[in-house]
Amino acid sequence: MACWSCQRPEGEGALCEKCGAIQPPRPRTHFEVMGVAARFDLGADDLESRYKELSRRLHPDRFARAETRARMYSLQHATALNDAYRTLRDPARRAAYLLRLRGIEIDSDRTTDGVRTVKAEPDLLAEMMELQEALADAKTDGRGEDVARMADDMRRRREQDLSRIANEYAAASGGSLERIAQLLVALRYYDRFLAEAGAKEHAA
Amino acid sequence: MSALVHISEPGAATAAKSCGRAVGIDLGTTYSLVATVRDGKPVCLVDEQSRALLPSVVHYPADAPPVVGWEARALADASPYDTIVSVKRFMGRGQEDAEVRRRMGLYRFAEAREGLVRFAAGGRTVTPVEVSAEILRVLRARAQTALGGEIDGAVITVPAYFDDAQRQATRDAGRLAGLTVLRLLNEPTAALLAYGLERQKQGIFAVYDLGGGTFDISILKLLDGVFEVLATAGDTALGGDDIDHAVAEWLLEARDLADPATLRAALTAARLAKEHLTHAQTTEALGRTLSRTELERMAAQVIERTTAPCRRALHDAGIDARRLDGVVLVGGQTRMPAVRRHVAEVFGREPLGDVDPDQVVALGAGVQADLLAGAGPRDDVLLLDVIPLSLGIETMGGVAEKIIPRNSTIPAGAKVTFTTFADGQTGMDIHVVQGEREVVDQCRSLARFRLRGIPPMAAGMGRVEITFLVDADGILTVAAREQHTGVEQQVHVRPSYGLSDEEVERMLLESYEHAEADVRERALREERVQAEQILRASQRALEEDALLLEPGERDAIQGAADALREAAEGVDAQLVHQRREDLDRTAAPFAQRRMDAAIRRAMVGQHV
């Protein structure tokens with residue numbers, strides 16, 4: 001495509017190869033936005049330095065004096081970049097996003113065409129309900145230590161499941177998507193539990 | 001990289017002239033300041049008496065222009081009703097806000113218009129935006145004198161925890177004061193920008209900002225010139241004013257609280273006593289002796305209220321207090337020894353003592369203004385800020401569904417799709433809210449609008465895609481679009497505070513009308529296509545089967561066809577539709593005969 005500013009072919013990047021003008025964003029995956037391969041195993045430091053480098057070039061502050069069109073493109077690029085980094089920096093979100101790219105949605109109430117939604121197994125639901133009740137009781141009774149202990153246990157469990165997800169993705173065959181989906185559904189429930197527990201910890 | 005350095009460089013003069021005079025403004029609850037970058041260093045600009053601070057006080061004399069600053073503050077005790085102090089606490093607030101009600105004793109309110117607070121002062125009515133604009137005008141004039149010309153742009157700071165309405169109001173005040181507002185910058189971020197650049201610091205810092213009327217806590221990561229806000233929390237109705245009130249009430253124990261002049265005088269005495277006790281152990285106020293211990297007892301509740309936001313910010317940032325590289329104190333109220341002790345306790349370390357808590361925010365704003373509009377390109381520094389409160393939308397049952405979670409880096413955007421819930425539903429109410437609560441009633445209502453023109457469909461078939469976009473100022477734009485059928489419309493909504501409701505209403509109406517125009521245009525085009533088809537078909541029929549025509553029939557059909565052709569050249573879709581039906585009806589007997597003839601021919605063919 002021709003650059004809107006200098007009319008020459010602009011290459012594929014966010015900025016024109018010839019004149020440096022910012023180009024309208026194309027629809028891209030979060031991985032493409034960050035310039036990394038679509039895989040689970042990504043280094044946090046590498047992501048962060050890529051994010052900051054891209055921000056330096058694309059942030060609206062860089063275009064404060066540019067014409068309206070360039071300011072608009074910069075806003076769109078920076079928005080997509082922030083969204084990409086927020087999704088990919090967090091291992092659980094990254095794993096869920098990889099699944100979504102393959103047409104699997106985690107525990108969503110929304111239905112989208114051509115997307116399969118994976119929900120919690122009854123066993124997990126039953127167990128989490130029990131744990132939630134125990135947590136609620138501990139909170140009502142003001143047993144702060146018990147709340148903290150339950151939260152610690154849950155955090156450990158979350159860590160374990162996260163490394164299971166990493167192992168699945170690392171497996172030579174690419175791992176079982178179904179299994180990863182189930183682990184991610186469980187993570188959602190753990191996070192809800194931790195939010196409940198945390199609300200108490202912060203109020204204290 | 002200052003504007004002035006560049007002016008002296010050959011070749012750079014033109015650029016410097018057009019966009020060199022940029023300033024940063026700290027529009028505070030108690031004091032306001034203006035700063036700019038000179039010779040690469042940010043400096044606060046002073047008045048003719050060399051004072052950097054301008055009290056954020058506006059006095060409205062009857063039949064004379066408003067008086068701003070020190071002079072106004074001196075007049076506050078004598079005429080409390082005509083003198084507006086701490087106006088920042090009213091920015092973007094509706095009359096019914098609890099914060100406003102609580103402080104009503106000291107202000108005379110005019111009847112609210114469109115739910116916005118208005119003061120009655122000096123025989124006129126003014127809004128908080130107008131009062132703030134008076135303060136900004138004085139700072140703008142000061143900067144013009146100091147920099148020798150018109151100001152090209154300003155960065156104005158706001159508490160990080162300001163919601164969308166409060167930001168809009170601040171931006172409007174800047175505009176009203178004749179300033180080009182380059183950016184609204186969060187105060188703690190501004191403070192760390194000034195501090196970090198000055199000291200060449202790296203690491204993770206907490207900025208604890210307790211001002212006259214607002215409290216902010218931000219956790220920032222500073223690495224290679226990128227200032228990244230990890231999390232922010234706070235309370236926009238908590239500050240030194242609250243301590244003054246507690247002390248004033250104590251001073252007035254036995255006196256009439258309802259008399260505003262007395263109360264205002266007591267507040268002044270309370271503030272002076274509080275300031276004196278920063279260094280002294282006891283002081284006198286309105287004939288009573290006040291000890292530092294007694295003051296701290298009265299302030300304890302206010303100070304304690306800062307604890308929970310600090311914990312939450314650390315938690316949201318995912319940072320343990322031990323990993324912090326420093327705690328920066330901002331805001332005049334942090335001079336109080338009890339506040340410093342409290343901060344040391346919460347964060348497990350002594351706060352940094354080498355920052356001027358009054359000036360550092362303005363200095364940071366000056367730096368950011370220079371980055372955005374200064375003469376020299378400078379790409380070694382970048383600020384990445386966040387939205388303080390989640391943005392969401394009301395769903396079934398009054399539940400607030402979060403669309404953009406708090407502490408998302410800005411600019412931020414998100415899309416969410418809702419489906420229609422009733423058969424034949426043609427509109428959808430969209431209610432935009434801000435806040436952390438699950439229930440809509442407990443969140444801040446930012447905007448309501450109705451998306452119309454959804455084509456009637458079965459429940460669940462209509463799809464409305466709602467797009468949120470938060471720009472680099474932290475200000476939100478919402479767009480809604482029905483996407484299932486070919487019909488598309490968009491409604492852009494800017495939250496209603498700050499702008500008058502009429503303005504918002506007008507913008508909305510325009511978009512509705514625009515949408516209706518789109519629908520009409522589309523209908524017309526469809527009618528034209530169909531008209532063209534039937535015209536072509538009837539013309540062919542007249543040529544092919546002229547023998548089947550009854551006497552006079554050709555003229556009748558030709559007449560109806562001409563009428564349709566004429567209508568299709570116009571813009572009335574309804575008329576095109578009607579004429580098309582006329583032609584259909586007129587040609588129907590002829591069409592029937594053609595059909596019969598065709599069937600007969602076919603049957604004859606079969607016999608052969």
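Just so it is clear, the values below take in all heavy atoms, side chains as well, and ignore hydrogens, waters and symmetry mates. Labels below follow one simple rule: chain letters A, B, ... track the order of the sequence lines, proteins then strands, and each chain is numbered from 1.
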Does R155(A) come within less than 4.0 Å of D152(A), counting only side-chain N to carboxylate O? yes
Is chain A contacted by the side chain of P309(B), its backbone, both, or neither, given a heavy-atom distance below 4.5 Å? neither
Run the side-chain contact (heavy atoms from CB on, under 4.5 Å) test on Q23(A) and Y73(A) for me, step by step, so that the C-alpha distance in whole Å, both residues' side-chain angles and the decisive distance to 0.1 Å come before the verdict. CA-CA 7 Å; Q23(A) 301 299 310; Y73(A) 292 155; 5.8 Å; no
Test salt bridge (charged side-chain N to carboxylate O under 4.0 Å, His left out) on K139(A) and E145(A) and set out the steps. CA-CA 10 Å; K139(A) 281 165 77 171; E145(A) 281 174 23; over 6 Å; no
With only heavy atoms counted, which part of N82(A) is less than 4.5 Å from chain B, the side chain, the backbone, both or neither? side chain
Picking from T87(A), L99(A), L42(A), what satisfies side chain to side chain contact (heavy atoms under 4.5 Å, CB included) with R94(A)? L42(A)
Residue L469(B) versus chain A: region with a heavy atom under 4.5 Å: side chain
Enter the distance from N407(B):CG to T232(B):OG1 here, rounded to the nearest 0.5 Å. 7.0 Å
Given a strict heavy-atom distance threshold of 4.5 Å, which part of R86(A) is in contact with chain B: side chain, backbone, both, or neither? side chain
Considering only heavy atoms, give the residues of residues 385-394 of chain B separated from chain A by less than 4.5 Å, sorted numerically, with 'none' for an empty result. none
What distance do L192(B) atom CG and N186(B) atom CG have between them, rounded to the nearest 0.5 Å? 12.5 Å
Chain B contact via E48(A) - which portion, at a heavy-atom distance below 4.5 Å: side chain
Chain B contact via F63(A) - side chain, backbone, both or neither, heavy atoms under 4.5 Å: neither
Heavy-atom side-chain proximity of L193(B) to V381(B) below 4.5 angstrom: yes
Let me see the working for T307(B) and E304(B) under side-chain hydrogen bond (donor to acceptor under 3.5 Å, both in side chains), right down to the final yes or no. CA-CA 6 Å; T307(B) 311; E304(B) 183 48 42; 3.1 Å; yes
Evaluate salt bridge (charged side-chain N to carboxylate O under 4.0 Å, His left out) for K221(B) paired with E228(B), printing each intermediate quantity in order. CA-CA 5 Å; K221(B) 184 174 187 178; E228(B) 183 188 8; 5.2 Å; no
